[in-house]
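Only one structure is covered here, and it is reproduced in the block below.
The structure presented is a predicted model; accordingly, all values stated were derived computationally and were not measured.
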Amino acid sequence: RTLPDRTGRARPTIVFIGTSMERKGGNSLLRLHQKYLADACDLVLVTKDAVPAGRAVTVIDDLTSGDDRLWDILADADLMCFPSGMDQAPNVILEAGAAGLPVIASMVGSIPEMVVDGETGLLVDHDDEDALLAAMRLLLADGIRRREMGASAHERIAEHFDIRTTA
């Protein structure tokens with residue numbers, strides 16, 4: 001797949017994908033977005049959980065495994081945020097990287113093997129909301145850095161996690 005052109009967008013979009021908002025860190029992300037970032041960016045939450053209405057928030061609650069709309073959702077985003085403290089090897093990080101998104105994620109399980117801190121995204125402690133907010137602000141403020149990290153993520157996923165070579 002070719003990477004989508006993410007230049008020239010008026011407002012960046014953060015995407016979160018997780019069936020459980022609480023277990024996957026989505027509630028922290030939503031809280032920070034509503035308190036500090038809603039005027040600066042949009043937030044797309046792909047989840048099965050009920051989410052209260054919020055400013056600049058879109059909820060997609062009908063996505064199922066294997067749904068091709070996932071690629072459209074990722075193509076429309078500028079970065080992925082996945083602050084889960086319990087996932088060991090989440091596929092959503094690989095999918096986001098394959099779509100050319102930089103990823104902000106927690107330093108748990110094998111996530112640090114998937115996301116190279118400072119190169120393909122940013123890693124934070126899962127329970128440090130200040131660090132999570134700082135990472136989002138950093139990438140939201142720098143579109144060039146987001147695109148460079150996203151391109152690096154795309155290359156890393158293709159080189160190290162392609163199903164044809166890892167199976």
Side-chain angles (χ1 to χ4, degrees), residues 1-106 108-111 114-115 120-122 124 126-127 129 132-133 135-136 139-140 143 146-147 149-150 153-154 157-158 161-164 166-167:
R1 291 185 189 253
T2 60
L3 295 180
D5 181 8
R6 294 183 169 100
T7 59
R9 294 187 183 185
R11 284 171 56 94
T13 299
I14 299 172
V15 66
F16 165 87
I17 301 170
T19 53
S20 169
M21 291 285 289
E22 185 61 35
R23 289 182 38 229
K24 307 286 185 173
N27 287 340
S28 294
L29 172 59
L30 178 59
R31 186 171 41 258
L32 291 172
H33 177 267
Q34 292 299 281
K35 187 170 182 180
Y36 300 106
L37 302 174
D39 291 334
C41 69
D42 295 321
L43 177 62
V44 174
L45 302 170
V46 180
T47 184
K48 297 294 183 188
D49 285 353
V51 177
R55 290 182 305 128
V57 174
T58 301
V59 178
I60 299 170
D61 61 4
D62 64 342
L63 198 74
T64 57
S65 182
D67 192 324
D68 285 339
R69 290 180 300 154
L70 174 63
W71 295 107
D72 295 332
I73 293 165
L74 294 173
D76 286 340
D78 295 280
L79 67 103
M80 159 80 127
C81 188
F82 191 74
S84 173
M86 52 85 62
D87 281 81
Q88 298 304 306
N91 281 336
V92 295
I93 289 178
L94 298 178
E95 292 164 336
L101 291 178
V103 175
I104 299 170
S106 302
V108 296
S110 64
I111 292 174
M114 298 173 172
V115 178
T120 67
L122 299 172
V124 298
H126 77 276
D127 57 354
E129 287 192 354
L132 179 60
L133 179 60
M136 289 188 290
L139 291 186
L140 288 170
R146 279 195 315 268
R147 287 187 292 282
M149 284 184 160
H154 177 78
I157 298 307
F161 296 97
D162 186 292
I163 190 66
R164 294 169 293 203
T166 59

Please find the pair of heavy atoms, one from [X] and one from [Y], that lie closest to each other, and give the distance.
X	Y	answer
Ala56	Ala38	CB-O, 3.6 Å
Leu132	Cys81	CD1-SG, 3.5 Å
Glu95	Trp71	O-CZ3, 3.5 Å
Ala99	Pro4	O-CD, 3.7 Å
Ile17	Phe82	O-CE1, 3.2 Å
Val103	Ala96	CG2-CB, 3.9 Å

Stepwise side-chain contact (heavy atoms from CB on, under 4.5 Å) test for Leu133 and Leu37: CA-CA 9 Å; Leu133 179 60; Leu37 302 174; 4.0 Å; yes

Intermediate values then yes/no, side-chain contact (heavy atoms from CB on, under 4.5 Å), Leu140 and Ile14: CA-CA 9 Å; Leu140 288 170; Ile14 299 172; 4.1 Å; yes

side-chain contact (heavy atoms from CB on, under 4.5 Å) assessment of Met149 paired with Leu79: CA-CA 10 Å; Met149 284 184 160; Leu79 67 103; over 6 Å; no

Any side-chain heavy-atom pair of Pro102 and Leu122 under 4.5 Å: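 No, side chains not in contact.
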
pair Glu22-Asp49: side-chain heavy atoms closer than 4.5 Å: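 Result no, sub-4.5 Å side-chain heavy-atom pair not found.
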
Partners passing salt bridge (charged side-chain N to carboxylate O under 4.0 Å, His left out) against Asp39 (at least two apart in sequence or in another chain):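 Result, salt bridge (charged side-chain N to carboxylate O under 4.0 Å, His left out) vs Asp39: Arg55.
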
Euclidean distance, [Y] [atom2] relative to [X] [atom1], rounded to 0.5 Å:
X	Y	atom1	atom2	result
Leu63	Asp68	CG	CG	10.0 Å
Asn27	Phe16	CG	CZ	8.0 Å
Leu139	Arg147	CG	CZ	12.0 Å
Ile73	Asp67	CD1	CG	7.0 Å

Under 3.5 Å: donor-acceptor pair, side chain of [X], backbone of [Y]:
X	Y	answer
Lys24	Met86	no
Thr13	Asp78	no
Ser84	Gly25	no
Thr47	Gly18	yes
His154	Ala98	yes

Qualifying residue, where the test is side-chain contact (heavy atoms from CB on, under 4.5 Å) with Val51 and the options are Asp61, Leu43, Leu45, Thr58: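 For Val51, the side-chain contact (heavy atoms from CB on, under 4.5 Å) check succeeds only for Leu45.
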
NZ/NE/NH1/NH2 to OD/OE distance under 4.0 Å, Asp62 and Arg69: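 A salt bridge is present here (some side-chain N lies under 4.0 Å from a carboxylate O).
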
Verdict with reasoning, Asp87 to Ser106, per side-chain contact (heavy atoms from CB on, under 4.5 Å): CA-CA 9 Å; Asp87 281 81; Ser106 302; over 6 Å; no

